[in-house]
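Chain letters run A, B, ... following the sequence lines, proteins first, then strands; residues in each count from 1.
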Amino acid sequence: MSFTARIAALEPYETWVSMERAGDERFWDGLVLAAGSEPRTTGAVYLFGYAAEMILKVAYFRFTGLAAAQDIAPALRAARTTAHFHRQNLHYLMGWANLLIATRVAAGRPLHPVVAGLLQLHILQLQSHWSEVLRYRAVTAVPAELEEVYNSLDWLRANFRTLWS
Amino acid sequence: MPYRRVVPDETSQHPELVEALGEELRTERADGPEDAPLIVEEVLPRSDYASVRVVWDRWAALPPEERISIILDAYQRIRGSEGVQKISSALGLTRAEAKRLGVAP
């Protein structure tokens, strides 16, 4: 059985539970690339960006009360129609951050403005270095760029529960 | 609406910055000198909350948390508790940071 066939058999559709685990896996994958004796900095930045994207998506799904076993595809399509993703795809990190902030406001449970501001700051920093099209680029990320991406992802990981609870 | 209380630091370590930013908030002028804080309020759709971003070089040496604290203190001073509770997010940047992060005015 091929890997994709095995994935389809084990996880026939995407859930936020599998996405949460995948985000954690991509973080550790990225850390291996970043911390090796010969760091693969662009690869690390690439994976760290996806780890951040998954943290934001899962925080949103968790906050909205999406069931753990539910297929997230309809919720992803619905998110895409909001103003937060105007002319952007679903890899747009600030779209997810602002959707989460606005959804919490609408629900009467806003984030503290300090937390929300720091969230936006870290997303801006991540976005300044990361895009899903990095996979097509051969330029090597310099250590300072990798460090900034890592620090912002570290903040997201440390504050994950605050974002959705 | 659930209760939410945001208490600014009454003993702000940067009262002069709070005062200067508050003055800018009070006047709400459309134009000003280069060294004046630029305040951008983006109202969230279908709400009376706003995301506040302030671009100002005077706080270049301060960490993000202190800049946010100054913003909240200034809003508290000028717009009161009700005004500060309608801030969904607050972010303080310098002009160089805003340019680097793609949010330059």
**Prompt:** Shared ILVMFWY cluster between L76(A) and Y13(A), side chains joined below 4.5 angstrom?
**Reply:** no
**Asked** Does any non-hydrogen side-chain atom of L124(A) lie less than 4.5 Å from one of L91(B)?
**Response** yes
Output side-chain donor-acceptor pairs under 3.5 Å for residues 22-34 of chain A, partner residues at least two apart or in another chain, one line each.
unit_1, atom_1, unit_2, atom_2, d
D24(A), OD1, R157(A), NH1, 2.8
R26(A), NE, D29(A), OD2, 2.9
R26(A), NH2, D29(A), OD2, 3.0

**Prompt:** So which part of I71(B) gets closer than 4.5 Å to some heavy atom of chain A, the side chain, the backbone, both or neither?
**Reply:** neither
**Asked** Heavy-atom count around R79(B) CZ within 6.0 Å, excluding the residue itself: above 12?
**Response** yes
**Prompt:** Under a single-linkage definition using a 4.5 Å side-chain heavy-atom cutoff for Ile, Leu, Val, Met, Phe, Trp and Tyr, are L38(B) and L21(B) assigned to the same hydrophobic cluster?
**Reply:** no
**Message:** Taking atom CD as the centre, does E148(A) end up with more than 12 heavy-atom neighbours from other residues, nucleotides or ligands that are less than 6.0 angstrom away?
**Reply:** yes
**Prompt:** Is it the backbone or the side chain of S88(B) that comes under 4.5 Å from a heavy atom of chain A, or both, or neither?
**Reply:** both
**Message:** Assigning hydrophobic clusters by single linkage (Ile, Leu, Val, Met, Phe, Trp, Tyr; side-chain heavy-atom cutoff under 4.5 Å), is L163(A) placed with L90(A)?
**Reply:** yes
**Prompt:** Around atom CZ of R46(B), are there more than 12 heavy atoms of other residues, nucleotides or ligands at under 6.0 Å?
**Reply:** no
**Request:** Determine whether more than 12 heavy atoms belonging to other residues, nucleotides or ligands lie under 6.0 Å from atom CD of E16(B).
**Result:** yes
**Prompt:** Under a 4.5 Å side-chain heavy-atom rule over Ile, Leu, Val, Met, Phe, Trp and Tyr, are Y50(A) and L156(A) clustered together?
**Reply:** yes
**Item:** chain A contact residues among residues 58-66 of chain B, heavy-atom distance under 4.5 Å
**Value:** P64(B), E65(B)
**Prompt:** Between H112(A) and L72(B), is any pair of side-chain heavy atoms under 4.5 Å apart?
**Reply:** yes
**Request:** Of all the heavy-atom pairs spanning A116(A) and S89(B), show the shortest one and how long it is.
**Result:** CB-CB, 3.4 Å
**Prompt:** At a heavy-atom separation under 4.5 Å, does V52(B) approach chain A through its side chain, its backbone, both, or neither?
**Reply:** neither
**chain A contact via R100(B) - which portion, at a heavy-atom distance below 4.5 Å** = both
**Item:** Verify same cluster id: V55(B), I87(B) (apolar side-chain graph, 4.5 Å)
**Value:** no
**Side chain / backbone / both / neither for L44(B) at chain A, heavy atoms under 4.5 Å** = side chain
**Prompt:** Who wins among N98(A), I101(A), V115(A), L118(A) for the most heavy-atom pairs under 4.5 Å with chain B?
**Reply:** L118(A)
